[in-house]
There are 2 protein chains.
Amino acid sequence: MNKSEAIQALTALAHDTRLDVFRLLVEAGPEGLAIGNIGEMLDVPAATLNHHMTLMKQAGLVKCMRAGRKLIHSADYDRMDAMLSYLTKNCCQGSACFPGKGSAHD
Amino acid sequence: MNKSEAIQALTALAHDTRLDVFRLLVEAGPEGLAIGNIGEMLDVPAATLNHHMTLMKQAGLVKCMRAGRKLIHSADYDRMDAMLSYLTKNCCQGSACFPGKGSAHD
DNA sequence: TTGTTATTTCTATATTTCTAGAAATATGAA
DNA sequence: TTCATATTTCTAGAAATATAGAAATAACAA
């Protein structure tokens, strides 16, 4: 992951609705959720939600597969991991900012 | 750290210049850097840089102390750690998104 | 006090992001 | 094909963020 990808992922999470969506998708696990379901749960109009999902997909934090007429969205844990890893490696010089704690991402 | 604080910290890092600033401050260590020095290093006008520093200070990622006529800014590692911890705990359900890796933030 | 350096505030403009209704498109069922 | 459901695209206005020049403020030195 490079810098602009990391910024994209950070931006994707730095929004109230999008953070809610990501958490829902993490809870939902690999089976994921359809946009319609997410929209109901969070009470967000389809067009607005679609805009946010597009950003998250572009950032790579959300994957999407069609199942019939539903589009199943799920969280990409690896991408999230890569972003956290980028932050600790490139912004915190390894574990430098976590003295005595070590890193989850060696 | 609560959700809106986490979003504030994510937003603070999700910007090209601000991410550069944070990295510079991490490299500089506890001695920190004056805004003027940062502005020279990154070639950003003082007013623009001040705007970004204000956001980062509000997000708690940057601390600031006066030393003579210079204002020394330094990275707040604890805040960064708190944000990463919030993300893994609240968005990834503990170590759920890092199978077999454990967490740096227990 | 006067001057110099460092930073912030004021201000305005430019740009980007957010929101969501309406229309279009895609899928599958009857 | 016709209909219902699911999602996306189009569109436009609203809101937020970014940029930076100029003026104001703060600290210290001479």
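Sequence lines set the chain letters: A, B, ... in the order given, protein chains first and strands last, and positions in each chain run from 1.
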### For atom CG of B/Leu55 and atom P of D/dA20, their distance in whole Å
15 Å
### Task
Using whole Å, report how far CD1 of B/Ile72 lies from P of D/dA27.
14 Å
### Query
Taking only residues at least two apart or on different chains, which pairs with a member in residues 17-46 of chain A satisfy ring pair (Phe, Tyr, Trp, His ring centres under 6.0 Å)?
none
### Query
Just how large is the angle between the end axes of the helix from C/dT1-D/dA30 to C/dA30-D/dT1, five pairs per end, to 10 degrees?
20°
### Query
Is there a side-chain contact between B/Leu55 and B/Gln8, using heavy atoms and a 4.5 Å cut-off?
no
### Query
With a non-hydrogen cut-off below 4.0 angstrom, is B/Leu49 in contact with a base, only sugar-phosphate, or nothing?
nothing
Could you go over nucleotides 8-11 of chain C and give all protein N or O partners under 3.5 Å, atom names and distances?
from, atom 1, to, atom 2, distance (Å)
C/dT8, OP1, B/Lys57, NZ, 3.4
C/dT8, OP2, B/Asn50, OD1, 2.4
C/dT8, O5', B/Asn50, OD1, 3.1

### Task
With sequence neighbours excluded, give me every salt bridge (Lys or Arg N to Asp or Glu O under 4.0 Å) pair touching residues 45-55 of chain A.
none
### Message
For residues 20-46 of chain A, which residue pairs pass the side-chain hydrogen bond (donor to acceptor under 3.5 Å, both in side chains) check, not counting sequence neighbours?
### Response
A/Asp20-B/Lys3, A/Arg23-B/Tyr86
### Message
Test: side-chain hydrogen bond (donor to acceptor under 3.5 Å, both in side chains). Region: residues 49-61 of chain B. Which pairs qualify, not counting sequence neighbours?
### Response
B/Arg18-B/His52
### Message
What I'd like to find out is whether the side chain of A/Leu84 reaches to under 4.5 Å of the side chain of A/Thr88, using heavy atoms alone.
### Response
no
### Out of D/dG21, C/dC18, C/dT7, whichever nucleotide has its closest atom nearest the side chain of B/Ala34
C/dT7
### Query
Among all residues two or more places apart in sequence or in another chain, which pass the side-chain contact (heavy atoms from CB on, under 4.5 Å) test with A/Leu24?
A/Leu33, A/Ile38, A/Met41, A/Leu42
#### Entry: Side chain proximity check, B/Asp76 to B/Met80, heavy atoms < 4.5 angstrom
no
### Query
Tell me: CE of A/Met65 to C1' of D/dT7, nearest whole Å?
17 Å
### Task
Mind calculating the distance between CZ (B/Arg18) and C1' (D/dA18) to the nearest angstrom?
9 Å
### Task
Could you tell me the separation between the NE2 atom of B/His52 and the P atom of C/dT7, rounded to a whole number of Å?
16 Å
### Query
Do the side chains of B/Leu87 and B/Cys92 get nearer than 4.5 Å, heavy atoms only?
no
### Query
Among residues 5-15 of chain B, which contact DNA chain C at a heavy-atom distance under 4.0 Å?
none
### Query
Can you tell me if the side-chain N/O atoms of B/Thr48 get under 4.0 Å from OP1 or OP2 in D/dA20?
yes
### Query
D/dT7 P sits how many Å from A/Leu33 CG, rounded?
10 Å
### Query
Should A/Val21 and A/His73 count as side-chain neighbours, where that means a heavy-atom distance under 4.5 Å?
no
### Query
Side chains of B/Val62 and B/Arg79: closer than 4.5 Å at any heavy-atom pair?
no
